[in-house]
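Shown next, in structure tokens, is the structure this report addresses.
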Amino acid sequence: MSHRNQTLGEFIIENQSSFKYTSGELSRLINSIRLAAKVVNYEVNKAGLVDIIGNAGDTNIQGEDQQKLDVYANDTFIKTMTKRNIVCGIASEEEDDFIAINSQDENHQNKYVVLIDPLDGSSNIDVNVSVGTIFSIYRRVTPVGTPVTIADFLQKGNKQVAAGYVVYGTSTMLVYTTGHGVNGFTLNPAIGTFYLSHPDMQFPENGNIYSVNEGNYSHFPKGIKDYIKYCQMEEGDRPYTSRYIGSLVSDFHRNMIKGGIYMYPKSSMAAKGKLRLLYECNPMAFIAEQANGKASDGFTRIMDIEPTELHERVPFICGSKSMVQKAEEFMRNA
Ligand code: P6P
């Protein structure tokens with residue numbers, strides 16, 4: 001159920017009963033993400049004005065320079081979710097290992113674990129290009145009241161109970177699903193309230209936008225090269241338009257609204273691609289499928305992939321269903 005201009009808070013309350021597990025914990029968890037998104041949004045929007053731009057001097061487990069806003073966003077989301085006493089564990093792109101919450105308190109009944117990319121595309125911050133936060137929520141699989149283990153995090157994407165992203169763009173939006181469709185909420189910064197602006201978001205069945213870093217073309221598998229050449233061929237509604245921002249959340253969001261496909265394939269430089277399965281590909285795949293789209297690694301449905309480690313990477317092809325199917329056809333026939 002959704003009513004345009006409903007606030008996020010009203011939407012959560014109205015739809016709480018539709019979530020089969022709810023004891024209000026998931027609603028409170030989404031609310032804590034909402035608060036953290038507003039805090040990070042404030043810093044992202046003023047990044048150009050204060051000395052928070054540039055490297056924090058550290059690198060994360062990926063070996064990538066940690067931008068100061070990465071660190072700030074990571075700390076903000078972790079602190080906000082921890083203080084609300086809702087989750088029992090958090091894994092983040094910016095943390096080498098998962099964080100056990102309340103593991104000393106046998107009385108805690110927290111059931112959810114969250115995996116998060118606190119500020120995806122952060123290398124774009126210094127050049128004022130949109131960035132995003134991506135989150136994925138599961139119910140724990142180990143007994144409530146005990147410390148979480150890695151098993152609580154290494155769950156297939158098809159076990160997610162919720163997933164979403166925040167895009168800090170020309171406007172700031174929170175887009176999420178609990179398995180009952182995808183809804184987008186736009187922040188009114190004047191009053192700090194998210195309003196339902198994009199109810200029931202759906203990928204168009206087809207589209208004419210393809211998003212891939214063509215600078216890596218010579219390193220791609222033959223099937224991907226063949227599909228890119230197909231996109232560029234003059235025939236029917238092709239050539240398509242190439243749009244690649246270098247920010248997954250922004251490319252995904254535009255393609256979901258206009259129709260399109262995003263690809264980060266494996267290459268001779270990156271045997272598993274670049275994107276991480278647990279806190280980038282799985283949540284975006286959940287959203288895509290809930291919005292009538294599709295997401296695979298070129299051969300296997302993303303949400304059916306059995307995870308083996310926290311920061312593992314997978315090739316990622318996601319977007320309008322018929323475009324992904326076409327790309328998969330080229331991959332199969334290569
Ligand atoms: P490349 C950002 O670092 C990111 O994870 C995605 O948001 C983005 O789509 C991709 O990597 C860009 O990577 O190698 O094309 O610069």
Side-chain angles (χ1 to χ4, degrees), residues 40 44 47 53-56 58-71 73-74 91-95 115-136 163-169 172-173 175 209-221 224-225 227-228 231 242-256 258 260-285 287-288 293 295-298 302 310-319 324 327:
V40 171
V44 166
I53 282 187
N55 290 331
D58 301 326
T59 60
N60 59 24
I61 192 167
Q62 330 293 339
E64 295 163 350
D65 284 349
Q66 274 190 303
Q67 300 277 345
K68 283 182 183 174
L69 267 176
D70 268 345
V71 178
N74 187 52
S92 167
E93 182 194 48
E94 302 303 333
E95 301 287 339
L115 298 100
I116 190 163
D117 182 356
L119 208 60
D120 179 72
S122 57
S123 56
N124 292 308
I125 293 166
D126 293 0
V127 293
N128 203 16
V129 167
S130 299
V131 293
T133 296
I134 308 170
F135 61 89
S136 172
Y165 59 82
V166 183
V167 51
Y168 308 97
T172 294
M173 282 191 69
V175 177
I209 296 172
Y210 70 102
S211 306
V212 64
N213 185 339
E214 295 191 56
N216 297 329
Y217 178 85
S218 60
H219 303 284
F220 286 151
I224 293 290
K225 288 181 179 175
Y227 178 67
I228 291 173
C231 293
S242 172
R243 285 284 182 276
Y244 189 73
I245 293 179
S247 177
L248 166 62
V249 169
S250 304
D251 281 318
F252 179 99
H253 187 75
R254 181 204 53 244
N255 290 351
M256 180 158 64
K258 292 180 176 280
I261 185 171
Y262 171 96
M263 300 182 286
Y264 207 103
K266 70 178 185 179
S267 71
S268 50
M269 300 182 302
K272 291 267 194 178
K274 175 182 183 183
L275 301 186
R276 293 81 168 178
L277 171 60
L278 290 179
Y279 42 80
E280 288 176 331
C281 300
N282 270 335
M284 300 310 266
I287 295 165
S296 78
D297 63 2
I302 288 291
L310 211 48
H311 298 287
E312 73 179 87
R313 301 172 194 264
V314 291
F316 190 55
I317 298 175
C318 178
V324 174

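The first residue of the sequence shown is numbered 1, and numbering continues consecutively from there. Ligands are counted one by one from 1 in listed order, and the atoms in each one are counted from 1 as well. Predicted, not measured: the structure shown is a model, and the values here were computed from it.
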Open item on the list: Does any N or O of ligand 1 fall below 3.5 Å from an N or O anywhere on Leu248, backbone included?
Closed with: yes

Task: atom 11 (O) of ligand 1: the protein heavy-atom neighbour that sits closest, reported with distance to 0.1 Å - done: Lys274 NZ, 3.0 Å

- [ ] Return yes if some donor-acceptor pair links the side-chain N/O of Thr133 with the main-chain N/O of Pro118 below 3.5 Å, else return no.
- [x] yes

Open item on the list: Is there a polar contact, in the sense of an N or O pair closer than 3.5 Å, between Tyr262 and ligand 1?
Closed with: yes

Open item on the list: Looking at Glu94, is its backbone amide N or carbonyl O close enough to the side chain of Asp70 to form a donor-acceptor pair, meaning the two atoms are under 3.5 Å apart?
Closed with: no

- [ ] Decide whether the shortest distance between a heavy atom of Gly246 and an atom of ligand 1 is less than 4.0 Å.
- [x] yes

Task: Side chains of Val167 and Thr172 in contact at under 4.5 Å (non-hydrogen atoms) - done: no

Task: atom 14 (O) of ligand 1 - nearest protein heavy atom and its distance - done: Tyr264 OH, 2.6 Å

Task: Atoms of ligand 1, numbered as shown, that sit under 4.0 Å from any heavy atom of Gly121 - done: 2 (C)

Open item on the list: Using modelled atom types and a 3.5 Å cut-off, is there a donor and acceptor pairing between side-chain atoms of Ser267 and backbone atoms of Phe220?
Closed with: no

Task: Name of the residue among Leu248, Leu115, Leu119 meeting side chain to side chain contact (heavy atoms under 4.5 Å, CB included) with Ile134 - done: Leu248

Open item on the list: Would you say the rings of Phe252 and Tyr165 are close, in the sense that their centroids are separated by under 6.0 Å?
Closed with: yes

Open item on the list: Tell me whether Asp120 has any N or O atom under 3.5 angstrom from an N or O of ligand 1.
Closed with: yes

Open item on the list: Can you tell me which portion of Asn216 lies within the under-4.0 Å heavy-atom range of ligand 1? Options are side chain, backbone, both, or neither.
Closed with: neither

Open item on the list: Using only atom types and a distance under 3.5 Å, with no angle test, would you say the side chain of Arg276 pairs donor to acceptor with the backbone of His311?
Closed with: no

Open item on the list: Does any N or O of ligand 1 fall below 3.5 Å from an N or O anywhere on Tyr244, backbone included?
Closed with: yes

Task: Atoms in ligand 1 flagged as close to Leu275, the criterion being non-hydrogen separation under 4.0 Å - done: 5 (O)

